[in-house]
Amino acid sequence: MLMQMMETIGRWAIPSVVLAIPLWGVIRGVKVYEAFVDGARKGLITTVRITPYLIAMLVSIRVFRVAGGMDLLLKAIAPCTRLLGIPPEVVPMFLIRPLSGSGSLGMLGEILKTHGPDSLIGVIASTIQGSTETTFYVITVYFGAVNVNRVRHSLPIGLWADLVGFIAAVYACFWFFGH
């Protein structure tokens, strides 16, 4: 009975919200269609504005990986990660995730294909994906789109949060699933 009720709620949740929002706007006297078109126009303008920043960031990441910078960086920090008990297979996730969500998602796919989704490494990589942010992407694209030139404390705080999320993901997975 409860499962049937949950399935019914799940089936109708999104259509209900999609119907309720415009209906609420009409009740409040909002010109819903005009507001939708205006929002779509502003969204398109924002997309056009952020595209150069996005392209520059993605090209930079690709050049770094192809030129061997990622491999050199991994070799340089390997002693520290080994000392901390962090599996070397997940370190690239930590390095790519602050730069690119799609890049880290691709890396997660490679890790899951190699080690399996139920492996400890797969679980750690998945947890890192969900508990860290694309800090440089946010600063580059979103700050660039609204012409913020001085990021002040945003970058160090964002990277600190990524580091804490990474370490917490690794140790939480070891605690819940590991050895």
Subject >> Single-linkage hydrophobic cluster W175~I86, side-chain heavy atoms < 4.5 angstrom >> reply: yes
Subject >> Hphob cluster co-occupancy, V63 + M70, side-chain heavy atoms under 4.5 angstrom >> reply: no
Original post:
Are I96 and R65 close enough that some pair of their side-chain heavy atoms sits under 4.5 Å apart?
Top reply: yes
Original post:
Mind checking whether V151 and F136 sit in one hydrophobic cluster, side chains of I, L, V, M, F, W, Y counted as touching below 4.5 Å?
Top reply: yes
Original post:
Is there a path from Y33 to V26 through hydrophobic residues (I, L, V, M, F, W, Y) whose side chains come within less than 4.5 Å of each other?
Top reply: no
**OP:** Identify the heavy atoms of M107 and P92 that sit nearest to each other, and give their distance.
**Re:** SD-CB, 3.0 Å
Original post:
For the residue pair A125 and V90, what are the closest heavy atoms and their distance?
Top reply: N-CG1, 4.1 Å
Original post:
If you take all heavy atoms of G122 and I111, which pair is closest and at what distance?
Top reply: CA-CG2, 4.4 Å
Original post:
Is a donor on one side and an acceptor on the other found under 3.5 Å between the side chain of S104 and the backbone of G101?
Top reply: yes
Subject >> Residues K42, D38: salt bridge by 4.0 Å N-O rule >> reply: yes
Original post:
Any salt bridge (charged side-chain N to carboxylate O under 4.0 Å, His left out) pairs touching residues 6-32, not counting sequence neighbours?
Top reply: none
**OP:** To the nearest 0.5 angstrom, please state how far the CG atom of L108 sits from the NZ atom of K113.
**Re:** 12.5 Å
Original post:
Between F143 and I139, which heavy-atom pair has the shortest distance, and what is it?
Top reply: CB-O, 2.8 Å
Identify each donor-acceptor pair in which a side-chain atom of residues 156-171 lies under 3.5 Å from a protein atom, sequence neighbours left out, and give them as a table.
unit_1 : atom_1 : unit_2 : atom_2 : d
D162   : OD1    : E133   : N      : 3.0
D162   : OD2    : T135   : OG1    : 2.4
Y171   : OH     : L84    : O      : 2.4

Original post:
Can you check whether L120 reaches F174 side chain to side chain, under 4.5 Å on heavy atoms?
Top reply: yes
Subject >> Beyond-backbone contact of F64 with L99, side-chain heavy atoms, under 4.5 angstrom >> reply: no
Subject >> Distance (rounded to the nearest 0.5 Å) between R150 CZ and L155 CG >> reply: 14.5 Å
Original post:
In the hydrophobic clustering (ILVMFWY, side-chain contacts below 4.5 Å, transitive), which residues join I45, or is it alone?
Top reply: none
Original post:
Can you tell me how far the OG1 atom of T134 sits from the OH atom of Y142, to the nearest 0.5 Å?
Top reply: 7.0 Å
Subject >> Separation between CD1 of I128 and SG of C173, rounded to the nearest 0.5 Å >> reply: 7.5 Å
Original post:
Do the non-hydrogen side-chain atoms of L112 and S126 ever get within less than 4.5 Å of each other?
Top reply: yes
Original post:
Got more than 12 heavy atoms from elsewhere within 6.0 Å of CZ, R62?
Top reply: no
Original post:
So with a 6.0 Å cut-off around CD of Q4, is the heavy-atom count from everything else above 12?
Top reply: no
**OP:** Please indicate whether I27 has more than 12 foreign heavy atoms, meaning atoms of other residues, nucleotides or ligands, lying under 6.0 Å from its CD1.
**Re:** yes
Original post:
Below 4.5 Å, heavy atoms only, C-beta onward: do T132 and M93 meet side chain to side chain?
Top reply: no
Original post:
If you look at every heavy atom in V32 and P22, which pair is closest and at what distance?
Top reply: CG2-O, 3.5 Å
Subject >> Atom pair OG1 (T81) and CG (L74), whose distance is rounded to the nearest 0.5 Å >> reply: 8.5 Å
Subject >> Min side-chain heavy-atom separation M5-L2 under 4.5 Å >> reply: yes
**OP:** Return the minimal non-hydrogen interatomic distance between S131 and T127, and the atom names on each side.
**Re:** OG-O, 2.6 Å
Original post:
Is any side-chain heavy atom of F177 less than 4.5 Å from a side-chain heavy atom of I124?
Top reply: no
